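Notes to accompany the following structure.
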Amino acid sequence: MTTQRTLSRSSYILVICCIAAIGGFLFGFDSGVINGTVDGLQASFNSDSAGTGFNVASMLLGCAIGAFFAGRLADRFGRRTLLIVAAVFFLISAWGSGVAGSSMEFVIYRILGGLAVGAASVMTPAYISEVAPSAYRGRLATIQQVAIISGLFMAFLSNYVLAYVAGSAMSELWFGFATWRWMFWIELIPASVFLVALLFIPESPRYLISTGKQGEARRVLGLVMPERDVSSKIDEINTTLDQDHKPRLKDVINRSTGKIHGIVWVGIGLAVFQQLVGINVVFYYGAVLWQSVGFSEGDALLINVISGAVSIGACLLAIALIDKIGRKPLLWGGSVGMAGTLACLSYAFSTATMVDGSLQLSSDMGVFALLCANLYVLFFNASWGPVMWVMLGEMFPNQMRGSGLAIAGLFQWLANFGITMTFPIMLASIGLFGAYGFYAISAVASVFFVIYFVKETRGKELEEMAYE
């Protein structure tokens, strides 16, 4: 009977974590769908390189705002409540982005989607970390990255299929609407599923305790852990939550020194370095990138699908390793791998020549670049992709988890915006060689950051997390 209860409990935890992770799927889909629509947006709105860059990157401003305020709002209204609000915003953004008749209207709907992505990006790992047992919290939290990459993969796949059926992203598809508009509308399906499914999961027990709802917290904890351990866990959580006040933003400041706690700076560093290695250039501009070195639109979209499949495989590898070897080895190992593959990509693009006004790689160098790009994606998604989100969800003490996530999430999305916005400018000024050279240098720097500043969290209860 005990074994049966344990299996039932484990299955329940897995189900609610997977439902929360649909937010990660939509995070990935919303981020990746733009990849196949760039040409359609440029033609429909008659935008230049800077305008196109802002159309692509505008969502990230919403992401930064959503990530920053979601943590604080979740401390006040609950993790589940914020995820429900995010689901509604995903629906509005998906519909509006497809019907937009001008660049300004498109940007407004993308910013709304960004608010949802930003909120989901910090609330999903926080929720999973707060309901998952420490023994396999890392594996469950990594579901978030699998969901993100699955969302990216499905966006790439649906973009490819729709463009193949219509002939191109700018061609009419169904009911007289251009294909790129349907690429956005496909997201309405998973967003609807997310909204409905969220109605059937419980609130985070740690949030419930922080707001004085001890009875409800006891009920939820009874669903995710043995009944005999519930009372001691409630006492443990209460001990780590300063009883003189509810969690608030100023908890990130050390009362004794008046300075920001060191753990917050580590969180910011993890968030920023994840973007400085340039991964979202591949995700957002993959089709443009490969077309710029001679591949056709169809081939470029297909390459995106291949990269998405490689990413999913890499995330599954991370799931297998994260609770066995730890977070820190995966991070510095991934940094070393990314530094090498990015350097190789930079070299490959340095050999490109101009043919009829566009860059061309030789056939051999094109294959080499494609191989390096997919190895780079593999290293990222077996390390920094999932591990950064796992660590942000678990590394902060209970009292400041919402606030710490808010600040780290803000910096993550601001860095994402900066990298995404500057790529078209870098492409025009210093070329792919210079752009990927910069990302390679950032990957090298991240190795030393992990070695000297990041502390291992494997196997620790959330109540054991320290401020410094």
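Since this is a predicted model, take the numbers as computed values, not measurements. FYI, side chains are in, hydrogens and waters are out, and symmetry mates aren't considered; it's all heavy atoms of this structure.
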Checklist outcome for this item: What one should report as the nearest heavy-atom pair of Ala271 and Ala408 is CB-O, 3.3 Å
Item to check | Val85 side chain near Phe89 side chain, heavy-atom distance below 4.5 Å | outcome: yes
Next on the checklist: Assess the residue pair Val196 and Ser192 against the criterion (side chain to side chain contact (heavy atoms under 4.5 Å, CB included)); give the C-alpha distance rounded to whole Å, side-chain angles, the decisive distance to 0.1 Å, and a yes or no.
Outcome noted: CA-CA 6 Å; Val196 173; Ser192 299; 5.7 Å; no
Checklist entry - So which heavy atom on Leu317 is nearest to which on Ala382, and how close? => result CD2-CB, 4.2 Å
Checklist outcome for this item: Correct closest heavy-atom pair for Ala191 and Leu91 would be CB-CD2, 3.5 Å
Checklist outcome for this item: In this structure, CG of Leu82 is separated from OG1 of Thr124 (nearest 0.5 Å) by 10.5 Å
Item to check | Exercise: identify the closest heavy-atom pair between Val264 and Phe396 | outcome: CA-CE2, 4.0 Å
Next on the checklist: Would you say the rings of Phe453 and Phe273 are close, in the sense that their centroids are separated by under 6.0 Å?
Outcome noted: no
Item to check | From OG (Ser93) to CG (Leu112), nearest 0.5 Å | outcome: 6.5 Å
Next on the checklist: Do Phe411 and Gln275 have side chains that approach each other closer than 4.5 Å (heavy atoms only, starting at C-beta)?
Outcome noted: no
Checklist entry - In Å, rounded to the nearest 0.5 Å, how long is the span from CG of Leu330 to OG of Ser335? => result 10.5 Å
Checklist entry - Of the non-hydrogen atoms in Tyr376 and Ile279, which two are nearest, and what is the gap between them? => result OH-N, 2.9 Å
Checklist entry - What heavy-atom pair brings Glu105 and Val99 nearest, and what distance separates the two atoms? => result OE2-O, 4.3 Å
Checklist entry - Should Val117 and Leu26 be marked as a side chain to side chain contact (heavy atoms under 4.5 Å, CB included) after you check the CA-CA gap, both sets of side-chain angles, and the distance that decides it? => result CA-CA 7 Å; Val117 170; Leu26 290 165; over 6 Å; no
Checklist entry - Taking atom CD1 of Ile407 and atom CD1 of Ile268, what is their separation to the nearest 0.5 Å? => result 6.0 Å
Next on the checklist: Counting C-beta onward and ignoring hydrogens, is there a side-chain heavy-atom pair between Phe449 and Leu270 closer than 4.5 Å?
Outcome noted: yes
Next on the checklist: For Leu162, is there any backbone N or O sitting under 3.5 Å from a side-chain donor or acceptor partner on Trp182?
Outcome noted: no
Checklist entry - More than 12 non-hydrogen atoms from neighbouring residues, nucleotides or ligands closer than 6.0 Å to CZ on Phe69, yes or no? => result no
Item to check | Derivation and outcome, side chain to side chain contact (heavy atoms under 4.5 Å, CB included), residues Met391 and Val454 | outcome: CA-CA 10 Å; Met391 292 206 70; Val454 176; 3.8 Å; yes
Checklist entry - In terms of heavy-atom contacts, does OH of Tyr439 have more than 12 from other residues, nucleotides or ligands at under 6.0 Å? => result yes
Checklist entry - Partners of Thr81 by side chain to side chain contact (heavy atoms under 4.5 Å, CB included), sequence neighbours excluded? => result Phe77, Glu203
Item to check | From Gln274 atom CD to Ser442 atom OG, the distance as rounded to the nearest 0.5 Å | outcome: 13.0 Å
Next on the checklist: For Lys328, I'd like to know if atom NZ has over 12 heavy atoms of other residues, nucleotides or ligands within 6.0 Å.
Outcome noted: yes
Next on the checklist: Could you check whether any side-chain heavy atom of Val266 comes within less than 4.5 Å of a side-chain heavy atom of Lys455, counting everything from C-beta outward?
Outcome noted: no
Item to check | Pairwise side-chain contact, Arg110 with Asp30, heavy-atom cut-off 4.5 Å (strictly under) | outcome: yes
Checklist entry - Does Gly98 offer a backbone N or O that forms a donor-acceptor pair with the side chain of Tyr109 under 3.5 Å? => result no
Checklist entry - Okay, side chain of Ser158, backbone of Ala155: is any donor-acceptor separation there less than 3.5 Å? => result yes
Next on the checklist: Less than 4.5 Å apart, side chain to side chain, heavy atoms only: is that true for Met395 and Arg327?
Outcome noted: no
Checklist entry - Around Trp185, counting heavy atoms of other residues, nucleotides and ligands shown, do more than 12 lie under 6.0 Å from its CH2? => result yes
Item to check | Set of residues satisfying side chain to side chain contact (heavy atoms under 4.5 Å, CB included) with respect to Val88, sequence neighbours excluded | outcome: Ile92, Leu195
Checklist entry - How long is the span from the CZ atom in Arg80 to the CG atom in Leu208, to the nearest 0.5 Å? => result 10.5 Å
Item to check | Check against side chain to side chain contact (heavy atoms under 4.5 Å, CB included), Val450 and Trp384 | outcome: CA-CA 11 Å; Val450 171; Trp384 280 83; 3.5 Å; yes
Checklist entry - Are Ile201 and Val15 close enough that some pair of their side-chain heavy atoms sits under 4.5 Å apart? => result no
Checklist entry - side chain to side chain contact (heavy atoms under 4.5 Å, CB included) with Leu410: which residues, sequence neighbours excluded? => result Ala64, Phe68, Leu414
Checklist entry - Below 4.5 Å, heavy atoms only, C-beta onward: do Phe194 and Leu83 meet side chain to side chain? => result yes
